[in-house]
Structure formats: C-alpha cells, structure tokens
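Following: one structure in structure tokens, then a few remarks.
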Amino acid sequence: MEPLSPYSTRGLGFSNVLCRSEEELAELKGTQLLNSTLGYKDYVQNEFLKVQEEIIDPNRHLFDFDITQKDFLWAFGILRSRAFPPFTGDNLAMVPFADFVNHGFSINVEEPSWERKVTGLFDRQEALIMRAPTAFRTGEQVLMQYGKNKSNAQLALDYGFVERNGEEGSNRDIFTLTLEISESDPYFADKLDIAELNGMETTTYFDITQGQGVPESMLTFLRLIALGGTDAFLLESLFRNSVWEHLSLPVSQENEAAICKVVLDGCRAALSGYGSTIEEDEALLGQQLDARLEIAAVTRLGEKKVLQEIQKSFEEYNVELDQLEYYQERRLKNLGLMGQQGEIIFWEPK
C-alpha cells in the first residue's frame, strides 16, 4: 500500500459537508442538504458501530492505529466523492488515479465519461476507459461532468462544491417535493393500487428545477392523493384503467383547491425554516467567501428561489379555479349534453 499512500491521503482537506461540525452545519439550517447530511451521518454511525463490533474490535492487533467514527465518516465521504458510474451501487469501486479527473463546469455532455470493458486472454481482465467528453488541447487539463442533472445539494454532499446558477449555463437550483399517500386515508388501498399501476409508490419524489415549473405527473399524483368525497367514484374498479388519464386534468374545484392548499402550506412551512432571507443570501454571495460559506449560501438561496416560484405559481392558479373545466363538464360535453359555453342542452323527443 505504500506506493498508494499519496492517493489514499489525498482529500484530507476537502469541503465535503459530511465532515462538518454541528456549528458549521447550522449554516445549512432549513435546507434539504442539511436533512440529507444528517441522514447520511446517522447511517454511517450505525455502520461504524457494526464494523467496530464485528471487525475492528476482534482484530485490533492488525491495526497500527485506532480507527474512530470520525475516520470512518471521512472514508465514507472520500468513497462517495470518487465513485462514478459504472462503479456505483452494487459495483461500487475506487479506481486510483482515474478518479483524479476533476469536474468541468462548462461540460454539458450527459454521457458517462467512464466505460468498463472486459479485456485480456479469455476476457479475464477488466479495464477502465475514460472517454473525453469534449476536445482538449495538448497540455490542457482533462475534465469530466460529475452529473449534469445533479442539484447543488447533491454536488455539495458528494463532492464538496456547488455551481452558482448561471455559471456556464448552469441551473442546479432544485428542490425535491415529497408527496405521500397517507395510510390513514380511507381509500389508501385503491390509491396505492392506482399509483403503482402508473409507476409510482406510496411516497414519490419530484425534483423541481427553477424556471421549469412543476411536472404534470406531480399534479396528477396530487389529485390522486386529494381524491375523496363526491369524487371518490373515480376510485372504483370500473375506472381503474382510465382514472390516471382523468386525473391528468382537473377533477373538481374542491379537489384542485385541496392540492393548492397542500402545496402552499408545504412551501410556507419550508420557507419559514431557513435562517436567512433571499436578500441576505444574495448580499452574502456578493462578497468573497470560503468554500464552506459559499456552499451554504448558494444552497439556501437556490432552494428558497424554487420554493417561492412554486408558491407564486400555485397562488396564481388558486384564484383561477372557478374558471377551469372539470370532469363533470367534460363528461357532459362528451355526451352532447353541454354546449361549449357551459349551457345545458335538453333533448326533447320528436
């Protein structure tokens, strides 16, 4: 291992949020990045306790130094920061020197830069090939894209840096909305069945990117969650194969009002949890900041801007609910019982 010692110690000073103190993490108050960081730290702590009991304690004579939880957390952060597809998930691996390639802020190619190939006699060896995502001049540093669709929170958690929105066309201001069908819902089983038939689960996550609005699939899922009362007939087995299509459009004013309330309440609650305002973060980013403060300010600002955008969108939509066309009106029009202006058509026998 001696020849690899420079490699194994590289990154001791990296800015990964996993290695921050509680005081430093307070700068992330209210952010989804903080929630993710605390979740990972709890996971790593539990894993360390298991490794300590099963491996470290029974074999202390094999180690020439004490392995602490802090060491284990650092190693976990280093592993996350250097693992790239295809060496993730069940194929998790570190490839010395190949994973020194830095992130290129201006690279917009989505295809993975690494390719795993089987080589050698009888295909017994494996090789890692890196394909340059763009042309580089002789002597120029080779760069790769760490994940075009990753949010700043993901970049900060995995690699210890962020991209300011607008840098090299970057748009990494993303907020993840978590929607859940409550198990206490009297129609839980029917709603879960419909969700699963359409590729969703009890709890479903929607990434909202600044300037791109909310996906139609989220509105459909929200209508399913809020479905009840006189609209519950759509949950009957008769509609099972068509209900998702019906839910892709407004069902009733009561249902639309309910989904607006859910989203608006959620946005207001999330916005109230931050320790700074948008104006304060914008002013802070106008100063010279170290990496730690920049990550906190960029992440806070980006999340709040997305939340405000969602809030404004649903507030405007909420005041237009009495002007929308709902399921019953569409149904009557399809049957020829309602005119285009909403008037009821009465058919008289000849």
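For the single chain, residues carry numbers from 1 onward in sequence order.
- The aromatic rings of Phe221 and Trp244 lie tilted to each other, with the angle between the two planes from 30° to 60°.
- Residues passing the side-chain contact (heavy atoms from CB on, under 4.5 Å) test with Asp64: none are found, sequence neighbours excluded.
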Are Arg300 and Leu28 close enough, and set up right, to give a side-chain contact (heavy atoms from CB on, under 4.5 Å), and what steps lead you there?
-> CA-CA 7 Å; Arg300 291 193 308 252; Leu28 299 173; 5.6 Å; no
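- In this structure, the ring of Phe161 has its center less than 6.0 angstrom from the ring center of His103.
- Every residue meeting the side-chain contact (heavy atoms from CB on, under 4.5 Å) condition with Thr209, not counting sequence neighbours, appears here in chain and number order: Asn171, Ile174, Gln212.
- Here the straight-line distance linking atom CG of Asp290 with atom CD1 of Ile295 works out to 9.0 Å at 0.5 Å rounding.
- In terms of the side-chain contact (heavy atoms from CB on, under 4.5 Å) criterion, residue partners of Asp193 (sequence neighbours excluded) are, by chain and number, Leu197, Arg240.
- Annotation: Asn241, atom CG; neighbour count of heavy atoms from other residues, nucleotides and ligands within 6.0 Å does not exceed 12.
- Thr37 places a side-chain N or O within 3.5 Å of a backbone atom of Leu33 that can act as its donor or acceptor partner.
- More than 12 heavy atoms of other residues, nucleotides or ligands shown are found within 6.0 angstrom of CD on Gln323.
- Hydrophobic cluster membership is shared by Tyr146 and Phe136, with clusters built from Ile, Leu, Val, Met, Phe, Trp and Tyr side chains linked at under 4.5 angstrom.
- Across every non-hydrogen atom of Gly228 and Tyr187, the tightest pair is CA-CE1, 4.1 Å.
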Kindly determine whether Val243 and Leu224 satisfy side-chain contact (heavy atoms from CB on, under 4.5 Å), including the steps that lead there.
-> CA-CA 9 Å; Val243 63; Leu224 175 65; 5.6 Å; no
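- The shortest side-chain heavy-atom distance between Leu301 and Val298 does not fall under the 4.5 Å cut-off.
- When every heavy atom of Gly147 is checked against every heavy atom of Arg172, the shortest pair comes out as O-NH1, 2.7 Å.
- Side-chain contact between Gln52 and Leu49: present, with at least one pair of heavy atoms (C-beta onward) separated by less than 4.5 Å.
- The neighbour count for Asp66 CG, taken as heavy atoms of other residues, nucleotides or ligands under 6.0 Å away, does not exceed 12.
- Judged by distance alone, the side chain of Asn152 and the main-chain N or O of Asp173 form no donor-acceptor pair under 3.5 Å.
- When all heavy atoms are compared, the tightest approach of Tyr326 to Val251 is CB-O, 3.4 Å.
- Contact detail for Ile225 and Leu179: the closest heavy-atom pair is CD1-CB, 3.9 Å.
- To the nearest 0.5 Å, atom CZ of residue Arg292 and atom CD of residue Glu24 are 5.0 Å apart.
- Linking Ile, Leu, Val, Met, Phe, Trp and Tyr residues whenever their side-chain heavy atoms come within less than 4.5 Å places Val262 and Met200 in a single cluster.
- In this structure the side chain of Leu249 never reaches within 4.5 angstrom of the side chain of Glu325, judged on heavy atoms.
- Side-chain contact between Arg80 and Phe76: present, with at least one pair of heavy atoms (C-beta onward) separated by less than 4.5 Å.
- With Arg20 contributing its side chain and Ala26 its backbone, the two residues share no donor-acceptor pair below 3.5 Å.
- Side-chain contact check for Lys305 versus Glu282: some heavy-atom pair is nearer than 4.5 Å.
- For Asp231 (side chain) and Leu227 (main-chain N/O), no donor-acceptor pair under 3.5 Å exists by modelled atom type.
- Checked by atom type and distance alone, the side chain of Gln287 never pairs as donor or acceptor with a backbone atom of Leu284 at under 3.5 Å.
- More than 12 heavy atoms of other shown residues, nucleotides or ligands fall within 6.0 angstrom of atom CD in Gln69.
- In this structure, Ile310 CD1 and Cys267 SG are separated by 5.0 Å, a value rounded to the nearest 0.5 Å.
- With contacts defined as side-chain heavy-atom distances shorter than 4.5 Å, the pair Glu303/Ser151 does not qualify.
- In Glu245, the CD atom is not crowded: 12 or fewer heavy atoms of neighbouring residues, nucleotides or ligands sit closer than 6.0 Å.
- Side-chain atoms of Asp71 come within 3.5 Å of backbone atoms of Thr68 as a donor-acceptor pair (strictly under, hydrogens ignored).
- Residues satisfying the salt bridge (Lys or Arg N to Asp or Glu O under 4.0 Å) test with Asp207, not counting sequence neighbours, are none.
- In the hydrophobic clustering of this structure, Phe72 groups with Ile56; members are Ile, Leu, Val, Met, Phe, Trp, Tyr whose side-chain heavy atoms approach within less than 4.5 Å, directly or through other members.
- Crowding of Tyr40 atom OH: a count of heavy atoms from other residues, nucleotides or ligands under 6.0 Å not exceeding 12.
- Under the side-chain hydrogen bond (donor to acceptor under 3.5 Å, both in side chains) criterion, Ser184 pairs with Ser182, not counting sequence neighbours.
- With Arg223 contributing its side chain and Leu247 its backbone, the two residues share a donor-acceptor pair below 3.5 Å.
- Evaluation of the side-chain contact (heavy atoms from CB on, under 4.5 Å) rule for Thr202 yields Glu180, Ile181, Phe188, Leu192 as partners, not counting sequence neighbours.
- In this model, a donor atom of one side chain and an acceptor atom of the other lie less than 3.5 Å apart for Tyr317 and Glu256.
- Judged by distance alone, the side chain of Glu309 and the main-chain N or O of Gln210 form no donor-acceptor pair under 3.5 Å.
- With salt bridges taken as basic N to acidic carboxylate O contacts below 4.0 Å, one links Glu315 and Arg268.
- By the 6.0 Å contact criterion, CD on Glu320 is enclosed, its count of non-hydrogen atoms from other residues, nucleotides or ligands being greater than 12.
- The hydrophobic cluster containing Leu307 does not contain Ile278, counting ILVMFWY residues as joined when their side-chain heavy atoms lie under 4.5 angstrom apart, directly or transitively.
- Here OG1 of Thr31 is found 11.5 Å from NZ of Lys29. Values are rounded to the nearest 0.5 Å.
- Proximity of Thr299 to Leu34: side-chain heavy atoms (C-beta onward) are nowhere separated by under 4.5 Å.
- When side chains are defined from C-beta on, Asp322 counts as touching Gln253, because their heavy atoms get closer than 4.5 Å.
- Between Ala226 and Ile259, the shortest heavy-atom distance links the atoms CB-CG2, 3.9 Å.
- Under the 4.0 Å criterion applied to side-chain N and carboxylate O atoms, Lys50 and Glu47 are assigned as salt-bridge partners.
- Aromatic ring pairs are classed by plane angle as parallel below 30°, tilted from 30° to 60° and perpendicular above 60°; the pair His246 and Tyr327 is perpendicular.
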Can you check side-chain contact (heavy atoms from CB on, under 4.5 Å) on Met94 and Leu79, steps first, answer last?
-> CA-CA 7 Å; Met94 293 173 66; Leu79 179 61; 3.4 Å; yes
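- Remark: side-chain polar atoms of Gln32 are paired, donor with acceptor, to backbone N or O of Thr176 under 3.5 angstrom.
- The 12-atom threshold is not exceeded at CD of Glu23, counting heavy atoms of other residues, nucleotides or ligands nearer than 6.0 Å.
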Checking side-chain contact (heavy atoms from CB on, under 4.5 Å) for the pair Ser276/Lys304: CA distance, chi angles, key distance, verdict?
-> CA-CA 10 Å; Ser276 61; Lys304 284 180 286 190; 3.1 Å; yes
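- Under the 4.5 Å side-chain heavy-atom criterion for Ile, Leu, Val, Met, Phe, Trp and Tyr, Ile208 and Leu155 are members of distinct hydrophobic clusters.
- Put simply, NZ on Lys148 and CD1 on Ile107 are 11.5 Å apart, with the number rounded to the nearest 0.5 Å.
- Interatomic distance, CD of Glu254 versus CG of Leu321, reported as 10.0 Å (0.5 Å rounding).
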